[in-house]
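Structure first, then comments.
What you see is a predicted model, and the numbers here were worked out from it, not measured in a lab. Letters go in sequence order (proteins before strands), and every chain restarts at 1. Side chains included, hydrogens not; waters and symmetry mates left out as well; all remaining heavy atoms used.
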Amino acid sequence: MGTKRHFRVWRGDESGGDIQDYDVEVNEGEVVLDIIHRLQATQTPDLACRWNCKAGKCGSCSVEINGKPRLGCMTRMSTFEEDETVTITPLRTFPVIRDLVTDVSFNYEKARETPAFAPPAGVAPGQYRMQQIDVERSQEFRKCIECFLCQNTCHVVRDHEENKEAFSGPRYFIRAAELDMHPLDARDDRKQYAQASQGLGYCNITKCCTEVCPEHIKITDNAIIPMKERVVDRRYDPLVWLGRKIFRRDELESESMAPSVSTGVTGAGDATPFSSARLAEPPPVRDDGKMDVTEVTLPVQGGPSPFGDQEFPLPLDQISYHKPESRD
Amino acid sequence: MTSEQRNTARVERHLYDVVVIGAGGAGLRAAIEARLAGKRTAIISKSLFGKAHTVMAEGGAAAAMGNVNSRDNWMVHFRDTMRGGKFLNNFRMAELHAKEAPERIWELETYGALFDRTKDGKISQRNFGGHEYPRLAHVGDRTGLELIRTLQQKIVSLQQEDFAETGNYDSRIRVFSETTITELLLDGDRVAGAFGYYRESGEFLLLEAPAVILATGGVGRSYKVTSNSWEYTGDGHALALRAGATLINMEFLQFHPTGMVWPPSVKGILVTESVRGDGGVLRNSEGKRFMFDYVPDVFRKQYADTEEEADRWYNDPDNNRRPPELLPRDEVARAINSEVKAGRGTKAGGVLLDVSTRMPAEQITKRLPSMYHQFKELADVDITKEAMEVGPTCHYVMGGVEVEPDSAAAMGTVLGLFAAGEVSGGMHGSNRLGGNSLSDLLVFGKRAGEHAAAYTETLDKKPKVSTKDVEAAVTTALAPLQRQSGENPYGLQQDLQAVMGDLVGIIRREGELADALKRLQELKLRVANVGATGGRRYNPGWHLALDLRNMLIVSECTAKAALEREESRGGHTREDFPQMNPQWRLVNLVCSLGEDGDVHLERKPLPRMRDELIRLFDRTELSKYLTEDEMGQFDQAEGVHIPGARTDAQSKTEAK
Amino acid sequence: MTTTATRPGVGPSGPQRSRAAITAKTLRTDRWWLAPLITFIGLGAWVTYATVRVFMHKWYFVEEFHYLTPFYSPCLTDRCVEGSSLFGTPLPSFWLIPEASFTLPFLLLFRLTCYYYRKAYYRAFWLSPPACAVPDGHEKYSGETRFPLIFQNAHRYAFYAAMIISLINTWDAIIAFRSGDGGFGFGLGNVILVGNVVMLWAYTLSCHSCRHITGGRLKHFSKHPVRYRVWTFVSKLNVRHMQLAWITLGTLALTDFYVMALSAGWFSDLRFIG
Ligand SMILES: Cc1cc2nc3c(=O)[nH]c(=O)nc-3n(C[C@H](O)[C@H](O)[C@H](O)COP(=O)(O)OP(=O)(O)OC[C@H]3O[C@@H](n4cnc5c(N)ncnc54)[C@H](O)[C@@H]3O)c2cc1C
Ligand code: SF4
Ligand code: SF4
Ligand code: FES
Ligand code: FES
């Protein structure tokens, strides 16, 4: 029933790799992820790829198909010509781990830097009242499945690795917009934050993020541009600027971060004081008085390095220590 | 030496107070609680952070907040849950769940969740099968996503607090994503740590912690057709068993009647119940609306017996009886199954679910937008023109780790092990109501976190991991890679799925179950010889080879328990014992693992419901479920009441 | 967080982590270059036409019916043809000074800083990027963070100006309903002028800044029901902003050409009344 079709899949890891050719059977109604699975089951059991839901809900299976960032599970084979070669490559913007799997920790780091929801003071759980029309805008952004296709497509970081430091990317612009439009969020410095710390200004609204978003979130129109406009309100409006100078109001200083607490349902956790961290413990000594095998068989004496698996001597370009020059 | 060989015995060591295995709703909620109780907490997840199975839940989270119908309260919710589970639920868990769910949902709002709203600005609630009042807090059809994202963002916010204080995001709570735990390590009968590998690099890590919370979800991957993802290999169940804990109710699996079966790529993906609620009908390959032949006697009164009457119901529900397509999930699933087995199914092994001939196209796209898109985008099927092909799909496992209801601590011989979410058992009895799972995650996730934190305080000496165990764990984990020419894990998985799907599926028979057990034994031998080609870096073949072991143990539990329970109830249907038997309601089947690695089954009496709770039900209803003896006790308990409580009959009359 | 901080080369700055080695600059197989090419040709042609016309200094007014092309409205130099200037003629006639010197710069600014045109010319002219997942044509990129592009943020002010100019254009269209003898008249020219003005309004109102000002900046729609409705309306228009941007280019050029043709006497207006 199926026909053999031609596929090209990038295989390799951070040390290099290339696009390899495969002929795989394709059946009616299949998606690209099925083909990857068939490859794994028949020809290449170790072909690495991420997936979870197979229904476009989890955002794990992001790859580039014929050069376009797509979800593997949402790209039907019927969208290609019968004799068309389909090329599957990993996301280009992020470091590759192996085959189609990339290291997307960039995104999680940016997520960590984006200030979280600030609950309104004095409103008890259960007392939150919000109107549907007020939450709708933020709800659109909360549809995001974190597939990071937008992050991957955005040319600001895709073509300019050096911008990664300063630029958070569309996913986190919609997060900032979501919170700024949240009817009960207590912080009002989200726009300044987006401008000053997320690199909103790097975006030149070329809309590629919107083009690839599988959730069809209008990232540019509904989040980035409104955020830019909100920034304009505050920053480039000369009247507002003047007012701020005169009245010395600068809202970026209101960093509120009261520690979270929880009331237990049982009281079981109540009596437990904060044990901030476990103290360092020495490596275990075995019953026979010897050190652990895991420490001993290491190539490096003295146990695993906190910096991971290092070769000694360290390559010169990776040493951050500079020998002070003697002054004589 | 290649770097792979060199790394063989290298184990990264981490010290924590509480280790949470699983980053779904239950795991994240537990971790938040443990961190708030002042414990250094680690969260482990097989996939990336925020991608756990919980994202797939659509319908909503059940909590008796009474926002839409003020008559709703925890007692009504409790009653619905018990009824849904055919009274096999652990009553205490059902009680706690019903009582605490609203608080847990409200709490989410303080973390930033945005549920759909009612007119007066409260959380909107929707109707769902088995729930008497509109009760499911929801966000369109992506409630699970909202839930997990909210919890994920709360964790991030806690990390930000820690960063502000300590300068390190990870100082008190850290997420190990794409990390699989393969073994729990014990010190005597106390949990001492968890051992696993980073999927990315294949390197090992050892997390030493006195308390471990299991929140690993379900087991659906052992079935051919399932709505579950690759993660659901029953790891938590197997870890618990190997650590000396026990599993209960493993015979109960929920099969959703309408999963997509064609095209193959989408096999198992859910078609929501509202398709049938809105007029979709089921037909076999001969074009017959077969559900009329499958109305069980107890339901005869409520369900139509002619197509004409059934069709009138959609517009005039008061004067007509419901169409039989709307029978409970298990009935419909069984009917479809019988049709297919009788050779009246489609080529792909399903039946036809048709709305296209029943409604004009615009109405379909308006009433079922997400289904329209799901079929359009995933399957290239236009449901306004064609019928959908559907069949039962394995959806949820009711069984799981037997826990102490208040603390979520695992029973059995082990201390310091907790379980919450789908991996725990008892809460849902023999059948779960839609929407009860998401609230279950929150309620028991929080409880597990809290009690795990408290448990670590009670220890005066930290349990120690023994090196021998670590070495053994390393050897086991590396074994498949040492057998490069061993059997292909994908083939084995398919065989296992075939055994479970065909022989321990929806309808079970004694002969088939016995056969299944025999084949599982054979598979066991083959799994012991499974091999994985390639190296340790992100090698899915190797990962699957390791997961197979867990799937096998759990499948064995299911098959054994299914063979033992000689009745039909909820998610367990025996063709040879088609009736529900009140005697069996008194019994939980408990699995444990013997020294020899074999599954042992034990019968254990169900805890007796407290009198004031049992008084919430009508005598007539109870008499369908309880034995004569129990009814006698019920009559004696007359007079015990919860203030303000109404029985079912009372609240029905008031509703009119 | 696939990686943990204790291992080397993690995070954006990790030295050892590199991207997949893919030699092809883009693997896109579709005709991704078509859209930027069309934009390039379209915008290029229009700008050429407009420049030529603005510095022609003739054929912009049809006195008989009072048709004034939007490219010369309001007419402000000494050279202005009798009856074409509404606000006097404060400017000298010098070939470099366009007749509509007070409006054209703002219109130019408005369209240059328009969020849609920005997308269009960043892609088609600046190749940054030419199409999605196709490499940027430049080594370095700082977006709109510094001079001069930071001035894109002035769009708001250009929008206010554009509103005023739209009013003037509307007035031009209204007073053009006259016949040769000064009474009421109505011809094809009026249809074109009015059509142009309607489209200009649609374009101007669909502006993202407009969407922001009318309601987008609010946190609680429920407390401002009227503004919410206006916002909903503007949002609906806004979805078509790109189309309107192109349509107005078309209607502007068409109006101008029609007026030019009448004024030069290439053909005469089709009159319905008077
Ligand atoms: C399609 C679908 C629709 C549903 N709809 C609803 C609904 O509307 N309402 C409702 O209430 N319920 C619904 N459910 C059920 C509900 O979603 C699940 O029962 C629930 O999400 C389970 O959550 P959990 O926290 O227990 O586990 P999960 O969310 O599944 O998380 C399991 C976690 O454990 C991790 N893990 C597993 N094994 C290991 C290991 N060995 N090492 C490390 N980590 C591990 C996984 O990576 C994952 O992070 C639905 C389920 C499905 C499939
Ligand atoms: S619109 Fe902005 S954020 Fe989106 S892809 Fe383009 S430059 Fe990146
Ligand atoms: S905004 Fe869209 S493209 Fe970006 S991560 Fe979310 S779902 Fe993916
Ligand atoms: S697998 Fe979940 S989005 Fe593709
Ligand atoms: S005119 Fe285009 S955005 Fe303002």
Side-chain angles (χ1 to χ4, degrees), chain A residues 10 12 14 16-19 64 66-69 87 89-90 92-97 102-106 108-109 131 133-134 153 155-156 159-160 163-165 181 183 199 201-208 211-212 221 225-226 228-233 236-237 306-310 317-318, chain C residues 1-3 6-24 26-30 32 115 118-119 122-123 128-129 131-136 138 140-146 149-150 153-156 208-209 211-213 216-217 219-222 228 238-239 241:
Chain A
W10 192 90
E14 61 200 24
D18 51 15
I19 294 177
E64 299 193 2
N66 281 352
K68 279 195 205 158
T87 311
T89 48
R92 222 183 246 258
T93 307
F94 309 120
V96 68
I97 292 174
T102 49
D103 175 0
V104 291
S105 51
F106 164 74
Y108 288 101
E109 275 164 36
Q131 291 301 319
I133 53 170
D134 293 341
T153 322
H155 69 114
V156 178
D159 302 325
H160 307 277
N163 286 341
K164 276 191 178 167
E165 187 95 12
M181 296 173 186
Y202 281 87
C203 164
N204 67 354
I205 47 165
T206 34
K207 282 203 174 174
C208 287
E211 234 168 78
V212 298
D221 286 356
I225 295 177
K228 284 197 173 221
E229 285 291 319
R230 283 165 186 236
V231 170
V232 169
D233 272 356
Y236 302 106
D237 195 321
F307 305 106
D309 193 14
Q310 300 282 22
D317 58 343
Q318 280 176 32
Chain C
M1 271 163 272
T2 9
T3 49
T6 50
R7 281 171 302 148
V10 298
S13 51
Q16 290 168 2
R17 281 276 151 110
S18 58
R19 300 182 178 198
I22 303 169
T23 35
T26 179
L27 288 163
R28 279 184 71 162
T29 49
D30 53 341
W32 55 263
Y115 287 101
R118 266 144 85 178
K119 169 193 167 195
Y122 282 140
R123 282 200 186 191
S128 170
C132 301
V134 174
D136 204 326
H138 301 265
K140 284 262 165 246
Y141 175 87
S142 61
E144 302 181 340
T145 53
R146 27 184 117 131
L149 290 183
I150 197 162
N153 288 306
H155 184 60
R156 175 84 55 84
H208 287 276
S209 288
R211 184 166 181 239
H212 174 76
I213 299 163
R217 60 196 308 244
K219 203 163 176 130
H220 300 274
F221 283 144
S222 54
Y228 175 61
N238 180 265
V239 177
H241 193 59

### Message
Shorter than 4.5 Å, heavy atoms on both sides: which option in A:Asn163, A:Val212, A:Ile225 has the most such pairs with chain C?
### Response
A:Ile225
### Query
In terms of heavy-atom proximity below 4.5 Å to chain C, should A:Gln131 be classed as side chain, backbone, both, or neither?
side chain
## Note on the structure
By side-chain hydrogen bond (donor to acceptor under 3.5 Å, both in side chains), A:Asn66 pairs with (sequence neighbours left out) A:Glu84
### Query
Are side-chain heavy atoms of C:Arg156 and A:Glu229 found at a separation under 4.5 Å?
yes
### Query
Between atom OG1 of A:Thr206 and atom CZ of C:Arg118, what is the distance when rounded to the nearest 0.5 Å?
11.0 Å
### Message
Quick check for you: to the nearest 0.5 Å, what is the distance between C:Asn153 atom CG and A:Asp233 atom CG?
### Response
11.0 Å
### Message
Within the structure provided, determine whether C:Trp32 and A:Lys68 are in side-chain contact (heavy-atom separation under 4.5 Å).
### Response
no
### Query
Which answer fits C:Ser128, side chain, backbone, both or neither, if we ask what part of it has an atom under 4.5 Å from a heavy atom of chain A?
both
### Query
Taking all non-hydrogen atoms of both residues, which atom of C:Ala133 and which atom of A:Thr153 are closest, and how far apart?
N-CG2, 4.0 Å
### Query
Considering only heavy atoms, which portion of C:Val134 lies under 4.5 Å from any heavy atom of chain A: side chain, backbone, both, or neither?
backbone
### Aromatic ring pairing A:Tyr202/C:Tyr141, orientation class (parallel under 30°, perpendicular over 60°, tilted between)
tilted
#### Entry: From SG (C:Cys132) to NZ (A:Lys207), nearest 0.5 Å
11.0 Å
### Message
Rounded at 0.5 Å granularity, tell me how far NE2 in C:His138 sits from NE2 in A:His155.
### Response
10.0 Å
### Residue among C:Ala131, C:Ser209, C:Ala24 with most heavy-atom pairs under 4.5 Å to chain A
C:Ser209
### Message
If we define contacts as heavy-atom pairs under 4.5 Å, which of C:Lys119, C:His212, C:Arg28 has the most with chain A?
### Response
C:His212
#### Entry: Whether A:Arg230 side chain and C:Gly216 backbone form a donor-acceptor pair below 3.5 Å
yes
## Note on the structure
Tightest non-hydrogen contact, residues C:Asp136 and A:Asp159, listed as N-OD2, 2.8 Å
### Query
Between A:Gly201, A:Gly12, A:Pro226, which shows the greatest number of heavy-atom pairs under 4.5 Å with chain C?
A:Gly201
### Query
How far does CG of A:Asp18 sit from OG1 of C:Thr23, to the nearest 0.5 angstrom?
8.5 Å
### Query
How about C:Arg19 and A:Val96: do any of their side-chain heavy atoms sit closer than 4.5 Å?
no
### Query
Any side-chain heavy atom of C:Glu144 sitting closer than 4.5 Å to one from A:Lys228?
yes
### Query
By a 4.5 Å heavy-atom criterion (distance strictly below it), what part of A:Pro183 contacts chain C: side chain, backbone, both, or neither?
both
### Task
For side chain to side chain contact (heavy atoms under 4.5 Å, CB included), just list the numbers for C:Leu27 and A:Glu64, CA-CA rounded to whole Å, side-chain angles, deciding distance to a tenth of an Å, and then say yes or no.
CA-CA 9 Å; C:Leu27 288 163; A:Glu64 299 193 2; 6.0 Å; no
#### Entry: Any C:Arg123 side-chain heavy atom under 4.5 Å of A:Cys208 side chain
yes
### Task
Please check if any side-chain donor atom of A:Asp221 sits under 3.5 Å from a side-chain acceptor atom of C:His241, or the reverse.
no
### Summary
Taking every heavy atom of C:Lys140 against every heavy atom of A:His160, the minimum-distance pair comes out as C-CE1, 3.8 Å
#### Entry: Residue pair A:Asp134 / C:Phe221: nearest heavy atoms and the distance that separates them
OD1-N, 2.7 Å
### Query
Do you know which of A:Ile19, A:Thr87, A:Thr89 has the most heavy-atom pairs with chain C at a distance under 4.5 angstrom?
A:Thr89
### Query
Is it the backbone or the side chain of C:His220 that comes under 4.5 Å from a heavy atom of chain A, or both, or neither?
both
